[in-house]
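Quick caveat, the model's predicted, so the values are computed rather than measured. Chain letters run A, B, ... following the sequence lines, proteins first and then strands; every chain starts at 1.
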Number of protein chains: 2
Amino acid sequence: MGRRIGIKDVAAAAGVSATTVSHILNEVEGKRINAETRQRVLETARELGYAPNGLARGLRLKRSNTIGFVSDQIATTPHAGRIILGAQEEAAKHGLLLLMLNTGGDPELERKEIDLLLQRQVDGVLYASMYHRVVEVPERLRSVPTVLLDARSDDPGVPSVVPDEVLGGETAVRELVRHGHRRIGFINNVDDIPATHGRLEGYRRALAEAGIAEDPRLVVAETTDAVGGYRAALRLLQAEPRPTALFCFADRLAMGVYRAAAELGLSIPADLSVIGFDNQELICDGLFPGLTTVALPHYEMGARAVAQLLALTGAQDHGTGSASQEMLPCPLVARASVASPPRL
Amino acid sequence: MGRRIGIKDVAAAAGVSATTVSHILNEVEGKRINAETRQRVLETARELGYAPNGLARGLRLKRSNTIGFVSDQIATTPHAGRIILGAQEEAAKHGLLLLMLNTGGDPELERKEIDLLLQRQVDGVLYASMYHRVVEVPERLRSVPTVLLDARSDDPGVPSVVPDEVLGGETAVRELVRHGHRRIGFINNVDDIPATHGRLEGYRRALAEAGIAEDPRLVVAETTDAVGGYRAALRLLQAEPRPTALFCFADRLAMGVYRAAAELGLSIPADLSVIGFDNQELICDGLFPGLTTVALPHYEMGARAVAQLLALTGAQDHGTGSASQEMLPCPLVARASVASPPRL
DNA sequence: ATGTCGTGCCCAATCGTTTTGGCAAGTGAG
DNA sequence: CTCACTTGCCAAAACGATTGGGCACGACAT
């Protein structure tokens with residue numbers, strides 16, 4: 001079991017000092033190296049398959065080229081994988097690796113785990129939430145550049161990346177308006193979170209923009225699951241005149257809406273158009289007809305968060321400088337559940 | 001911005017040498033320390049909030065307390081989060097952190113990323129697949145303890161953790177038999193992967209065990225999505241006599257089965273019992289009635305894989321020794337889609 | 001011959017730990 | 001008083017990289 005080969009091995013093989021090897025491999029400015037020597041060293045390094053020891057380098061440079069990914073539950077929610085993926089790929093582009101860590105929402109555990117991260121000398125931390133919400137940044141993280149992911153802070157000095165809920169709501173409703181709908185119901189969520197308020201606001205803006213008066217009977221709030229969607233749809237579809245389209249706070253609600261529509265003998269999209277939110281492929285593709293929806297930009301959020309972190313660590317000032325609370329648009333994903341309203 | 005405090009700071013504050021502090025904090029055997037000194041050092045360490053520098057320690061110990069988690073696409077598939085979670089939590093129990101990395105199935109990228117991991121001196125690698133399959137272990141990983149996760153190798157020397165597909169199939173069909181079903185259809189997958197063969201084998205064993213002759217017309221293979229399930233169900237439910245229960249290779253297929261049943265005027269579970277596989281909560285809870293299914297033990301697989309890795313690194317021999325190809329059972333998750341068959 | 005300068009390389013210190021092999025002081029026996 | 005032994009601690013050498021400050025040598029001018 002041969003020891004991993006180190007810089008000294010290369011130096012010895014090439015007949016120079018470790019210093020010189022380091023200068024060459026790192027292309028240090030202001031150091032004069034004979035072209036021939038450089039060539040020789042580069043070649044021996046390649047032949048020997050030399051790769052620097054990250055720990056040693058990190059120790060010396062006080063940088064680990066590693067960023068911590070702390071999340072409450074993210075690893076367990078379905079679409080969250082794309083956040084991780086986005087972050088990981090963007091990080092990889094810059095030679096960074098992600099140290100994953102799930103707190104399960106337990107503050108005690110969170111404290112311990114963050115300490116573990118800091119011990120590992122992470123260059124920065126992504127503090128991610130499983131759904132868009134407002135959080136406090138743990139005290140421990142003050143000492144290291146931190147970006148909030150799918151979460152934001154009340155302190156405007158803390159950088160964050162979240163979806164633009166308002167614009168997302170607008171996008172959904174505009175799509176319905178575009179197809180000619182004027183009586184549009186909205187099944188909202190009941191929780192007091194940014195998405196609830198934001199999407200409602202977007203719904204209203206899109207209606208206003210189209211010159212449609214809001215009918216309060218067309219907005220209901222329900223628990224965000226299929227049963228909630230079912231109940232809400234039954235209620236909404238009793239209103240007179242009956243709405244020709246429903247905007248669901250979440251795709252899961254739409255599952256219930258489909259069932260309600262089937263029971264009422266309404267065909268989607270001929271009699272009723274439905275649009276969701278989240279773009280959970282399992283649901284959207286599983287329903288028939290396919291559910292048109294608005295996607296949360298998970299991948300992009302992950303990527304942007306890493307980019308922000310990089311900007312932060314680049315700047316000397318941790319915090320006030322280039323920190324920004326970024327909002328990403330939620331794109332429409334058209335499938336087959338939206339059509340023109342039925343002729344009366 | 002005060003420098004992080006190191007072991008020397010503690011030593012100075014406590015009036016002893018760094019050596020002594022190290023001995024005390026690491027509870028080194030065979031070193032005699034005065035009880036009073038020990039107390040004093042422990043206290044100053046706590047007061048100062050000392051935490052060892054992981055990089056320095058790793059460099060010295062040649063262990064990074066970090067394990068690499070390499071996956072093809074895992075971060076993007078829905079239930080995969082639980083694999084990560086299981087691995088992460090088990091790792092955390094032993095003070096290990098997970099370095100995440102997604103190859104996207106690109107071998108070139110995979111090679112580069114694995115090199116990155118090795119540079120970081122990971123203590124071991126979890127090589128995970130997004131679905132149970134047979135893989136080759138990349139050459140690069142030969143130099144470090146590796147465990148396959150939701151994948152296995154043809155080389156029996158390579159340890160791995162996978163779900164027990166056969167037993168899972170048996171579990172599903174037994175549950176139907178237990179409720180009195182004797183005509184049980186199976187909608188299988190079309191791909192040539194272990195799950196396809198395993199679950200079919202399980203189906204057969206359960207039938208045999210119950211003394212039911214297999215009717216080839218009751219087994220069909222379809223693409224694993226709602227549309228496939230729909231088509232397959234229409235076909236199966238035409239057989240005479242009509243099956244009273246369907247076992248679906250995947251929950252997604254069940255979505256289509258529900259639709260087909262509704263169209264045929266069959267009520268679930270009164271007229272038709274349905275059982276799925278995967279336990280994708282989004283689907284199982286979203287369907288009405290809730291889908292009884294067999295769960296893939298994602299969390300446990302992640303945890304077991306870490307445990308195996310630990311066993312490997314403990315043993316001196318990388319490979320042949322305690323390496324095992326482990327199969328985990330898939331537990332039944334009962335909801336509301338299975339009942340006794342209708343009286344004829 | 002002496003001084004000056006550029007070129008090409010290397011020495012040694014450093015990062016923060018762990019660990020080996022001590023050493024000084026105390027204790028008890030002879 | 002000397003010797004042997006224990007107790008409690010510490011100095012210094014790793015680990016593998018980076019880097020500031022050289023040093024030796026040859027070329028060229030004076």
Original post:
Between C:dT17, D:dA17, C:dC11, which nucleotide gets closest to the side-chain atoms of B:A56?
Top reply: C:dT17

Original post:
Looking at side-chain heavy atoms only, is the closest gap between B:V137 and B:L148 below 4.5 Å?
Top reply: yes

Subject >> Sub-4.0 Å heavy-atom contacts from residues 36-51 of chain A onto DNA chain C, ordered by number >> reply: A:T37

**OP:** Taking only the side-chain heavy atoms of B:K8 (C-beta and beyond), determine which of C:dT17, D:dC9, D:dA17 contains the nearest atom.
**Re:** C:dT17

Original post:
Do we see a donor-acceptor contact under 3.5 Å between the side chains of A:T20 and A:S17?
Top reply: yes

**OP:** For B:N26 and for A:A35, locate the closest nucleotide of DNA chain C by heavy-atom distance; then report the residue assigned to the nucleotide nearer the 5' terminus.
**Re:** A:A35

Subject >> Nearest heavy atoms of A:P297 and A:P329, plus distance in Å >> reply: CG-O, 3.4 Å

**OP:** Using a heavy-atom cut-off of under 4.0 Å over every strand shown, decide if B:V16 touches base, sugar-phosphate, or nothing.
**Re:** sugar-phosphate

**OP:** To the nearest Å, give me how far apart CG (A:N53) and P (C:dT14) are.
**Re:** 21 Å

Original post:
Quick one: which of C:dT7, C:dT19, D:dG16 gets closest to the side chain of A:R32?
Top reply: C:dT7

Original post:
With distance as the sole criterion, is a donor-acceptor pair present between the side chains of A:Y299 and A:E90 under 3.5 Å?
Top reply: no

Original post:
Between C:dC10 and A:S17, is there an OP1 or OP2 to side-chain N/O distance shorter than 4.0 Å?
Top reply: yes

Original post:
Going by an N to O cut-off under 4.0 Å, is there a salt bridge joining B:R133 and B:D72?
Top reply: yes

**OP:** Taking only the side-chain heavy atoms of A:H23 (C-beta and beyond), determine which of C:dC10, C:dT19, C:dC15 contains the nearest atom.
**Re:** C:dC10

Original post:
Does B:T20 make a side-chain N or O approach to OP1 or OP2 of D:dC10 shorter than 4.0 Å?
Top reply: yes

Subject >> Nearest-neighbour nucleotide for the A:P52 side chain, C:dT17, D:dA17, C:dT20 considered >> reply: D:dA17

Original post:
Could you give the CG-to-P distance, from B:D9 to C:dG16, as a whole number of Å?
Top reply: 9 Å

**OP:** Identify which nucleotide among D:dA17, C:dT17, C:dC10 has an atom closest to any side-chain atom of B:I7, counting heavy atoms from C-beta outward.
**Re:** C:dT17

Original post:
Phosphate oxygens OP1/OP2 of D:dA14: is one of them under 4.0 Å from a side-chain N or O of B:K62?
Top reply: no

Original post:
Rounded to whole angstroms, how far apart are CD on A:Q121 and P on C:dG16?
Top reply: 9 Å

Original post:
Is B:R46 salt-bridged to B:E43, going by a charged N under 4.0 Å from an acidic O?
Top reply: no

Subject >> Residue B:N34, side-chain heavy atoms: nucleotide from D:dC9, C:dC10, D:dA17 that is nearest >> reply: D:dC9

**OP:** Classify the side chain of A:S22 versus the base of D:dT19 as yes if they form a donor-acceptor pair under 3.5 Å and no if they do not.
**Re:** no

Subject >> Closest to the B:K31 side chain, choosing from C:dG21, D:dG21, C:dT17 >> reply: C:dG21

**OP:** In whole angstrom, give the distance that lies between atom CD1 of A:I24 and atom P of C:dC9.
**Re:** 7 Å

Original post:
Among side-chain atoms of B:S153 and B:E136, is any donor-acceptor pair under 3.5 angstrom?
Top reply: no

**OP:** Describe the nucleic acid contact of A:R57 in one word from base, sugar-phosphate, nothing, applying a heavy-atom distance below 4.0 Å.
**Re:** sugar-phosphate

Subject >> Option passing side chain to side chain contact (heavy atoms under 4.5 Å, CB included) with B:S22 (candidates B:L25, B:T19, B:N26) >> reply: B:N26

